[in-house]
Amino acid sequence: MIKGFIITLDTNQESIEASHKCIGSIRSTKSEIDPSVFVATVPRQIKRHLDEIDMGGIIWTYPLTKEEDGLDIKTGLYLRHYPTKKISNRTACAVSHMRLWHKCATGKKPIIILEHDAVFTRKFVFEPLEGDFKGGILGLNDPRGATRRSDVFHNIASSKMGLQPVPTVDDMEVPQGLAGNSAYLITPTAAKKLLDKVREVGIWANDALMCKQFFPWMQVVYPYYTTIQRGLKSTTTS
């Protein structure tokens, strides 16, 4: 049994209900996951939560506007901003994931990190995967409707059964990684590497930071274990 943490805004009824559906899907598929609600960071808590995970003073460095888009000299990657009304919401989302990376890094076992919109579509059991799990991060999510160039991602991923490297869907100057970050398995070693990367480059949207250029050992799996609940209002772009 592996622990699964569902990032949930406990002041947002839609997020709470979606989280309950996620838990229900774990139980209905008889997945060997012990789910827990993980209360998400909100903007007013960003500084305190960063201090609590020894990341105090680290700031958002990813482009905020179209005018800031372009080549990042430090990493050699071409960065494009995410449309966001309040950057504090997107920063808070990144910090929520970072807090779970810290929880994993200071523990001894892999965990599954879930956003509230994830739902399981088939039974998850970790043990049969272990022999092929060469990296420290495994994306579980169906890309269709969940990521950029999702059809390209799906066509590549679905051409092979089992675990495989993250598909390449764009030029290698563009960060690309998992099919969104709604559902992924992570080990303590990988979690430490993610936190070290944040210390190096600053806070980015977590799905941009978790890119194959930084972490070429990341993997995805087909058939997928999760998909996303449709029609939910984004809590990061609003």
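Note that the coordinates shown come from a computational prediction; the quantities given were computed from them, not determined experimentally. Numbers for residues simply follow the sequence, beginning at 1.
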Backbone N/O of His116 and side chain of Ser19: donor-acceptor pair under 3.5 Å: no
salt_bridge(Lys47, Asp51) N-O dist < 4.0 Å: yes
Criterion side-chain hydrogen bond (donor to acceptor under 3.5 Å, both in side chains) on Thr187 and Thr189, from CA distance to verdict: CA-CA 5 Å; Thr187 67; Thr189 298; 4.9 Å; no
Parallel, tilted or perpendicular: rings of His154 and Tyr224 (30°, 60°): tilted
With Ile58, the side chain to side chain contact (heavy atoms under 4.5 Å, CB included) member among Ile203, Ile53, Leu195: Ile203
Closest approach of Lys212 to Met172 (non-hydrogen atoms, all atoms of both residues): CG-CE, 4.3 Å
Phe124 and Phe126 aromatic ring geometry - parallel, tilted or perpendicular at 30°/60° bounds: parallel
Selection residues 42-63 - residue pairs positive for ring pair (Phe, Tyr, Trp, His ring centres under 6.0 Å), sequence neighbours left out: Tyr62-Tyr82, Tyr62-Trp204
Over 12 foreign heavy atoms within 6.0 Å of CZ, Arg230: yes
Results of salt bridge (charged side-chain N to carboxylate O under 4.0 Å, His left out) for Asp10 - residues two or more places apart only: none
Basic-acidic side-chain contact under 4.0 Å: Lys21, Glu17: no
Per-pair distances, 0.1 Å, donor-acceptor, side chain in residues 102-110, under 3.5 Å, sequence neighbours excluded:
{"unit_1": "Thr106", "atom_1": "OG1", "unit_2": "His102", "atom_2": "O", "d": "2.8"}
{"unit_1": "Thr106", "atom_1": "OG1", "unit_2": "Lys103", "atom_2": "O", "d": "3.3"}

Basic-acidic side-chain contact under 4.0 Å: Asp196, Lys193: no
